[in-house]
Structures are given as structure tokens and as C-alpha cells.
Amino acid sequence: MTAAATPDSVHRARAAITRHIRLVEDFPSPGIAFKDLTPVLADPDGLDAVVAALAEYCAGADLIAGIDARGFLVGGAIARELGVGVVAVRKGGKLPPPVIGVDYQLEYGSARLEVPAAGITLRGRSVAVVDDVLATGGTLIATGKLLAEAGARVHGLSVIMELDGMGGREAVAAGLGADVPVHNLCGG
Ligand SMILES: O=P(O)(O)OC[C@H]1O[C@H](OP(=O)(O)OP(=O)(O)O)[C@H](O)[C@@H]1O
Ligand SMILES: Nc1ncnc2[nH]cnc12
């Protein structure tokens, strides 16, 4: 954890995460220990605790960007909490054209992310990015690059869980700059 959220809100979110997280070995491929946070969000108190704590990190942004797919679950709720809008950062091929896209690597493969290049004004916006997990950092770096290409400023990058020992935080600092705040609610 790096800033802003109060100890109480983080403590409450961590208790919910510890209680409801599901660890799945060898998913989506052999050797990967998958941290399934969806049971945390399926619990009403867990969702409330996680959204409240992440919203503190996102305060001051004028748009929330939720990353496909679990970032969507918290992104809309955080935006509603803060009285701002939400945009979906989608996997390749899902958004209508025109789009801005980037290919990237993650812990278990490669993928493509896209943001809209029309219909939603990103230029000049201060955008807070949210997702469930930071692992290698590839997803957050790709998202930050997309937003920069679209003319937006990244207010911060916030995740529920930052996986230990994967170098994600360092990769994000190298890829996007050490001045971009990276927040988590817990390690794992
Ligand atoms: O830090 P990284 O190594 O980039 O990994 C983190 C990303 O991996 C997972 O999503 P995934 O790409 O598996 O997408 P999914 O929503 O389709 O499961 C997770 O939800 C993050 O978005
Ligand atoms: N081990 C993991 N668990 C959940 N999401 C992930 N994204 C990348 N690696 C992950």
C-alpha cells in the first residue's frame, strides 16, 4: 500500500479479502496459482469494503477506467461512489471502431487491450485505473500507455491485490514512470 486510503478502510477490505479469496492451483495453466477475488466481490460487505478503500485511492480523478474483466466489477461502483464516470478498458476486438490498442504480455500469455478513440473524451482527463490483480505489470503498463496515447493523464493505478515477487511494481515504474502512483489493498 502506498498512500491515501485510511488504515480503517484498508483493514476492513483486507479482512474481507482474507475471508473470501479463493486460491486455484494450475489455472489458467500449469504452475500458475490463480488468486480468485470474485468471491470477495460477491459478498456484499466485501464489495462495499473493497470499493470504499479503492475509492479513497481514486479520489480526485475525473474518470475511472476499469480493466477487462474484473476491473469492471469495481470500476463502476467506485465511479458512482466518487460521482464521476467510468470507461471500460477492453480486451481486443470488443469495442466498436475507432479504438486505440496495444499488445502486451502477462503472467500466462499475451493479450491486447483497447480504449475508445471516439465517443468518450479521454484527452485532458485525469483517469484513475482499477483492476483486481497486479502480477507482472503488463496489463497496467499497457493501460497506462493507451491512456497516454489518448491524451489522458494517469491519476493512479489501484488494485485489490499485488502479487509478491513478480516485479510488477518495478515494471510499472520502468514502463510508465516512477511518478505514477501504484496502490494496493493487500499483497499476496
Ligand atoms: O500484471 P499482469 O501480469 O498483467 O496480470 C494482471 C492481469 O491478469 C488478470 O487478467 P487476465 O489478463 O487474466 O484477464 P481476464 O480478465 O480475462 O481473466 C488480472 O485480472 C489482471 O488484469
Ligand atoms: N496469479 C494470478 N492470479 C490472478 N490473476 C492474475 N493475473 C496474473 N496472474 C494472476
Side-chain angles (χ1 to χ4, degrees), residues 1-2 13-14 16-43 46-47 50-51 53-54 57-58 64-79 86-95 99-115 127-149 154-178 180-188:
M1 186 186 57
T2 48
R14 282 185 185 165
I17 293 163
T18 303
R19 181 162 184 198
H20 296 292
I21 188 172
R22 192 168 76 104
L23 304 180
V24 185
E25 296 297 335
D26 299 317
F27 179 86
S29 46
I32 302 293
F34 189 81
K35 320 282 188 187
D36 182 8
L37 292 164
T38 57
V40 182
L41 306 177
D43 177 75
L47 178 65
V50 165
V51 167
L54 289 178
Y57 292 137
C58 298
I64 307 300
I67 300 180
D68 202 340
R70 288 168 293 275
F72 299 164
L73 297 176
V74 288
I78 292 166
V86 63
V87 61
V89 179
R90 296 217 62 182
K91 289 282 169 61
K94 302 288 186 182
L95 288 173
V99 298
I100 301 169
V102 64
D103 297 305
Y104 66 102
Q105 302 293 321
L106 68 166
E107 188 184 4
Y108 36 70
S110 60
R112 179 175 177 81
L113 284 176
E114 296 176 345
V115 292
V127 182
V129 175
V130 294
D131 203 359
D132 61 336
V133 169
L134 165 58
T136 66
T139 304
L140 290 182
I141 294 169
T143 300
K145 287 184 172 166
L146 282 179
L147 291 171
E149 193 177 334
V154 177
H155 173 277
L157 306 164
S158 301
V159 297
I160 301 171
M161 176 174 281
E162 178 174 336
L163 301 191
D164 301 328
M166 298 206 61
R169 179 172 288 264
E170 294 74 18
V172 170
L176 298 180
V180 178
V182 178
H183 308 286
N184 68 61
L185 296 179
C186 66

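Just follow the structure's listing: the first ligand is 1, and inside any ligand the first atom is 1. Along the sequence shown, the residues carry numbers beginning at 1.
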With atoms numbered from 1 as shown, which atoms in ligand 1 lie under 4.0 angstrom from a non-hydrogen atom of [X]?
| X | value |
| --- | --- |
| Arg70 | 9 (C), 10 (O), 15 (P), 16 (O), 18 (O), 19 (C), 20 (O) |
| Asp132 | 19 (C), 20 (O), 21 (C) |
| Val133 | 6 (C), 21 (C) |
| Asp68 | 16 (O) |

(request) Mind listing the closest non-hydrogen atom pair of Ile64 and Val127 along with its distance? (result)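 Between these two residues, the closest heavy atoms are C-CG1, 4.5 Å.
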(message) Restricting to non-hydrogen atoms, name the atom on Met166 and the atom on Ala135 that form the minimum distance, rounded to 0.1 Å.
(response)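 Scanning both residues completely, I find the closest heavy atoms to be CB-O, 3.5 Å.
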Around [atom], find the nearest protein heavy atom and jot down its residue, atom name and distance.
| atom | result |
| --- | --- |
| atom 12 (O) of ligand 1 | Leu106 CD1, 2.8 Å |
| atom 22 (O) of ligand 1 | Asp131 OD2, 2.5 Å |
| atom 16 (O) of ligand 1 | Ala69 N, 3.0 Å |
| atom 7 (C) of ligand 1 | Thr139 OG1, 3.4 Å |
| atom 13 (O) of ligand 1 | Tyr108 OH, 2.4 Å |

(request) Check for a donor-acceptor pair, side chain of Asp26 on one end and backbone N or O of Ser29 on the other, with a separation under 3.5 Å. (result)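 The answer is no, because no donor-acceptor pair under 3.5 Å joins these two groups.
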(message) Any side-chain to backbone donor/acceptor pair from Arg70 onto Asp131? Under 3.5 Å, distance only.
(response)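 Not confirmed, Arg70 side chain does not pair with Asp131 backbone.
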Report yes if the side chains of [X] and [Y] come closer than 4.5 Å at any heavy-atom pair, otherwise no.
| X | Y | answer |
| --- | --- | --- |
| Thr143 | Val102 | no |
| Leu113 | Lys91 | yes |
| Val40 | Leu47 | no |
| Lys35 | Leu163 | yes |
| Leu134 | Val172 | yes |

Under 3.5 Å: N or O atoms of ligand 2 paired with protein N or O:
{"from": "ligand 2", "atom 1": "1 (N)", "to": "Ala33", "atom 2": "O", "distance (Å)": "3.0"}
{"from": "ligand 2", "atom 1": "1 (N)", "to": "Glu107", "atom 2": "OE1", "distance (Å)": "3.2"}
{"from": "ligand 2", "atom 1": "3 (N)", "to": "Lys35", "atom 2": "N", "distance (Å)": "2.9"}
{"from": "ligand 2", "atom 1": "7 (N)", "to": "Tyr108", "atom 2": "OH", "distance (Å)": "3.3"}
{"from": "ligand 2", "atom 1": "9 (N)", "to": "Glu107", "atom 2": "OE1", "distance (Å)": "2.3"}

(message) Working to the nearest 0.5 angstrom, can you tell me the gap between Asp36 CG and Leu23 CG?
(response)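 With rounding to 0.5 Å, CG (Asp36) is 9.0 Å from CG (Leu23).
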(request) Only heavy atoms count here, so choose which of Met161, Gln105, Met166, Lys91 is nearest to atom 14 (O) of ligand 1. (result)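 Checking each option, the heavy atom nearest atom 14 (O) of ligand 1 is found in Lys91.
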(request) Report the C-alpha distance between Cys58 and Val130 in whole Å, list the side-chain angles of each, state the deciding distance to 0.1 Å, and finish with yes or no for side chain to side chain contact (heavy atoms under 4.5 Å, CB included). (result) CA-CA 9 Å; Cys58 298; Val130 294; 3.6 Å; yes
(message) Are any of the N/O atoms on Ala135, whether in the backbone or the side chain, positioned under 3.5 angstrom from an N/O atom of ligand 1?
(response)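 Looking only at distances, the answer is yes, because the N/O contact criterion of under 3.5 Å is met.
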(request) Answer yes or no: does an N/O atom from Thr136 fall short of 3.5 Å to an N/O atom of ligand 1? (result)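 Looking only at distances, the answer is yes, because the N/O contact criterion of under 3.5 Å is met.
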(message) Just to check, does Gly137 reach to within less than 4.0 Å of ligand 1 when the distance is taken from its heavy atoms?
(response)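 Yes, Gly137 has a heavy atom closer than 4.0 Å to ligand 1.
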(request) Salt-bridge test for Glu114 and Lys94: reply yes if a basic N is under 4.0 Å from a carboxylate O, no otherwise. (result)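 No, Glu114 and Lys94 are not salt-bridged.
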